[in-house]
Chemist: 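Sending over a structure as structure tokens; questions will come in a sec.
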Number of protein chains: 4
Amino acid sequence: MDRGQQRRLPIFEAAMAVFSEKGFEKATVDEIAERAGVAKGTIYYNYGSKRELFLSLVEEGIKRLENAVKKEIARRKSIPAKLESLITVQLRFFDDYKNYCKVLLSEVWGQETRWEETARRIRSGYLSIIRELIDDGRKEGVIKKELETATAASALFGMVGIAALDWFLFEKEYPYDDILNTLKTLFFTGANCVKT
Amino acid sequence: MDRGQQRRLPIFEAAMAVFSEKGFEKATVDEIAERAGVAKGTIYYNYGSKRELFLSLVEEGIKRLENAVKKEIARRKSIPAKLESLITVQLRFFDDYKNYCKVLLSEVWGQETRWEETARRIRSGYLSIIRELIDDGRKEGVIKKELETATAASALFGMVGIAALDWFLFEKEYPYDDILNTLKTLFFTGANCVKT
Amino acid sequence: MDRGQQRRLPIFEAAMAVFSEKGFEKATVDEIAERAGVAKGTIYYNYGSKRELFLSLVEEGIKRLENAVKKEIARRKSIPAKLESLITVQLRFFDDYKNYCKVLLSEVWGQETRWEETARRIRSGYLSIIRELIDDGRKEGVIKKELETATAASALFGMVGIAALDWFLFEKEYPYDDILNTLKTLFFTGANCVKT
Amino acid sequence: MDRGQQRRLPIFEAAMAVFSEKGFEKATVDEIAERAGVAKGTIYYNYGSKRELFLSLVEEGIKRLENAVKKEIARRKSIPAKLESLITVQLRFFDDYKNYCKVLLSEVWGQETRWEETARRIRSGYLSIIRELIDDGRKEGVIKKELETATAASALFGMVGIAALDWFLFEKEYPYDDILNTLKTLFFTGANCVKT
DNA sequence: GATGAATGAGTTTTCATTCAT
DNA sequence: AATGAATGAAAACTCATTCAT
């Protein structure tokens with residue numbers, strides 16, 4: 001949402017809806033225009049091209065996720081506490097912006113050739129937040145040294161993201177808190193029972 | 001590969017290549033035909049439509065993953081050992097079929113409306129293997145009871161899948177074995193250091 | 001330049017530049033406005049339409065050519081002297097207004113259906129000046145009677161115009177005066193050597 | 001007319017008609033398709049793009065003109081006779097292919113930026129034939145030495161071309177032979193009466 | 001069985017023009 | 001008088017699919 005033009009908001013929201021329902025290719029500018037209640041030309045007047053509209057959407061979303069995460073992390077002292085709120089925030093974000101996350105995963109994570117630069121920026125932007133936390137944790141001795149940082153970061157993102165999507169999109173039988181707890185337990189202490 | 005027609009194999013492989021490079025929409029039947037070294041009509045003769053070709057590809061792939069996993073799992077006795085080989089096999093599969101996995105993630109996971117039935121089948125097909133293992137493990141007392149089964153299954157799939165994709169597609173600086181070990185450690189014992 | 005509005009001049013000049021660079025169709029009102037440093041609406045306020053702007057440009061140009069030619073012609077007494085200065089003036093005009101002449105040739109001479117009335121007026125306006133001179137010359141016995149007047153007029157316009165364009169747009173290796181002399185020699189005494 | 005596909009000919013001819021009536025920009029592929037009696041896709045199947053279709057038209061035309069001229073020139077012995085038949089052939093060509101010539105002049109001569117390479121090739125291709133003749137004539141002493149070759153060549157092309165166009169497109173009151181004679185007389189002996 | 005020329009519905013994009021301010 | 005955001009008709013081009021050979 002770069003500037004305050006009132007025309008951009010409805011377009012932005014219609015675009016989010018259509019892109020997440022249809023994917024980038026199947027989404028048509030006609031439909032976005034119709035849902036936004038503006039003429040097709042207005043979209044081009046404001047965004048230049050379908051691709052630009054899409055990218056501005058993606059950028060905006062990731063910015064929101066990063067901000068939300070950074071804000072929460074700053075509040076916590078210990079690394080584990082920071083990682084815990086990262087899980088909480090990412091899960092909530094995936095819930096709040098289901099559609100956006102679907103788009104993110106399917107278009108941007110999937111077809112790196114087409115969104116090359118944007119994809120790379122998004123990935124490294126968000127993942128490096130996680131990576132830094134894990135790295136700091138390893139140095140402080142609260143995170144296992146034997147974990148390879150980058151892999152652990154991707155894994156954390158993946159476990160939260162995929163679990164969230166599967167839950168939001170397909171199964172809803174068990175409560176939200178169960179997911180959150182399961183993910184935290186899994187990440188911090190693993191699946192194995194501690195032998196006593 | 002339904003039957004043994006020699007025409008189908010080159011088409012199948014060309015399709016895999018093109019779909020994974022371009023995604024379903026951007027891939028053209030013309031290009032698949034050219035790479036397969038057959039005429040465009042031949043594709044329609046053998047597969048009926050672009051969509052059918054794509055779906056047969058997806059089905060075949062998931063069948064291979066399921067078979068590989070089931071075979072390895074059958075060899076192991078204990079649940080943890082079975083889960084360990086599941087991680088190994090899935091990681092290897094993502095490495096062997098990077099392109100296919102990219103397609104899987106971006107097209108099938110992303111746009112459930114369009115591939116609805118197929119997507120659902122794939123997800124529940126593969127995920128239910130994991131779920132069963134986890135469930136059995138909980139009953140046997142080797143997997144933590146407090147984990148919600150479906151979430152843990154999705155999380156396992158997601159951590160392995162996303163870590164694998166990030167590694168294969170973007171960063172390759174650290175050895176394959178590090179990933180494998182990191183993922184196993186993470187899943188079984190978590191990231192936290194054990195206090196002594 | 002119909003009236004003295006200061007807004008019209010910059011638009012007029014920007015339009016000349018853009019039309020001659022891009023041609024009528026490829027030229028956009030947006031670009032003309034930008035180069036003129038006015039808002040798009042201002043162009044419509046002053047000229048009504050893109051077409052009107054273009055035509056006013058064309059009219060103005062041809063008026064200038066006609067005036068220049070008529071003024072010089074009036075200074076000379078003999079028909080040959082008048083024709084000689086017509087060649088000189090037309091050549092200079094094509095040099096001074098290269099861009100305009102390009103537009104004239106490509107848009108107005110080419111597509112008579114679209115500018116019908118204007119094209120006809122321009123052609124007959126300027127050509128009839130030449131025709132009259134040739135006709136008078138024939139009557140006076142200084143121009144060959146066997147020449148068909150209209151053809152000779154067109155030919156004179158064409159030889160000067162095309163030679164000028166080719167020189168201004170493509171080759172510049174030989175001096176301006178050579179062209180002028182060559183054209184005069186050619187028109188008055190022809191290419192053949194006089195047998196002695 | 002590269003190959004013998006029967007579909008290309010009607011498209012080629014419809015394109016010639018539409019381009020010469022409307023000019024390159026105003027001509028629509030839809031209209032060409034309709035007039036050719038084929039589907040729009042067929043045009044793209046055969047020519048790749050509107051631009052390519054146009055250029056293939058232009059190339060083909062200039063090839064025909066060059067061939068016609070070269071053939072006639074080869075038949076004559078003396079330079080003046082060769083130049084005379086050049087005039088004859090060019091005039092006839094402009095008559096036979098009025099529409100093509102209109103396109104040639106208005107699009108290719110006019111907007112050199114857009115057809116750059118093609119325009120340059122056409123111009124130098126045909127003009128260099130004329131230039132060589134004039135150069136040879138100067139060396140042999142049958143063409144006036146004081147004429148600058150390139151200018152004389154452009155002038156000859158221009159006088160024949162513009163006179164032809166003006167006649168074919170606007171005035172038809174006087175017979176074809178008058179034009180031919182007028183042009184020959186003008187080029188070889190000039191407009192001035194020989195003083196006796 | 002295989003082919004590839006032909007099709008036409010569907011998409012993105014452009015841009016002259018309008019009109020409320 | 002001047003502006004520029006908004007419009008929507010029009011155009012180039014793509015490509016899955018068909019079908020005569």
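Bear in mind the structure is a predicted one, so any value in this text is a computation, not a measurement. Letters go in sequence order (proteins before strands), and every chain restarts at 1. We use all heavy atoms of the structure for the numbers below, so side chains are in, but hydrogens, waters and symmetry mates are not.
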Chemist: Any side-chain heavy atom of L53(A) within less than 4.5 Å of one from V29(A)?
Modeler: no
Chemist: Whole-Å distance between dA1(F) C1' and Y47(C) OH?
Modeler: 15 Å
Chemist: Would you say the side chain of L104(A) lies within less than 4.5 Å of the side chain of I122(A), judging by non-hydrogen atoms?
Modeler: yes
Chemist: If you assign K50(B) and T28(D) each to the DNA chain F nucleotide with the nearest heavy atom, which residue ends up on the more 5' nucleotide?
Modeler: T28(D)
Chemist: Only counting residues at least two apart or in another chain, list the ones meeting ring pair (Phe, Tyr, Trp, His ring centres under 6.0 Å) with F54(C).
Modeler: F19(C), F24(C), W115(C)
Chemist: With pairs taken as Watson-Crick or G-U wobble and both distances under 3.5 angstrom, which stems of at least three consecutive pairs involve DNA chain E?
Modeler: E:2-21 with F:2-21
Chemist: Output every pair passing salt bridge (charged side-chain N to carboxylate O under 4.0 Å, His left out) with a member in residues 39-54 of chain D, not counting sequence neighbours, ordered by first then second residue.
Modeler: D30(D)-K40(D)
Chemist: Go through residues 34-44 of chain C and report each residue with a non-hydrogen atom lying under 4.0 Å from DNA chain E, sorted by number.
Modeler: K40(C), Y44(C)
Chemist: Quick check on DNA chain E: between Y45(B) and R51(A), whose nearest nucleotide comes earlier from the 5' end?
Modeler: Y45(B)
Chemist: Any side-chain N or O of N46(A) under 4.0 Å from OP1/OP2 of dA6(F)?
Modeler: yes
Chemist: For I32(C) and dT14(E), what is the distance between atoms CD1 and P respectively, to the nearest whole Å?
Modeler: 18 Å
Chemist: If I take atom CD in residue E52(B) and atom P in nucleotide dA16(F), what distance separates them, rounded to the nearest angstrom?
Modeler: 15 Å
Chemist: By ring pair (Phe, Tyr, Trp, His ring centres under 6.0 Å), which residues pair with Y97(B), not counting sequence neighbours?
Modeler: F93(B)
Chemist: On DNA chain E, check which nucleotide each of K26(A) and A27(C) is closest to and give me the residue with the more 5' one.
Modeler: K26(A)
Chemist: Counting only heavy atoms not in K98(C) (residues, nucleotides, ligands), do more than 12 fall under 6.0 Å from its NZ?
Modeler: yes
Chemist: In whole angstrom, give the distance that lies between atom CG of D30(D) and atom P of dT14(F).
Modeler: 15 Å
Chemist: Taking atom P of dA6(E) as reference, at what distance in whole Å does atom CZ of R8(D) sit?
Modeler: 10 Å
Chemist: Under 4.0 Å between a Lys/Arg side-chain N and an Asp/Glu carboxylate O for E59(C) and K63(C)?
Modeler: no
Chemist: Suppose we screen for side chain to side chain donor-acceptor pair (under 3.5 Å). Which residues come up paired with E66(B), at least two apart in sequence or across chains?
Modeler: none
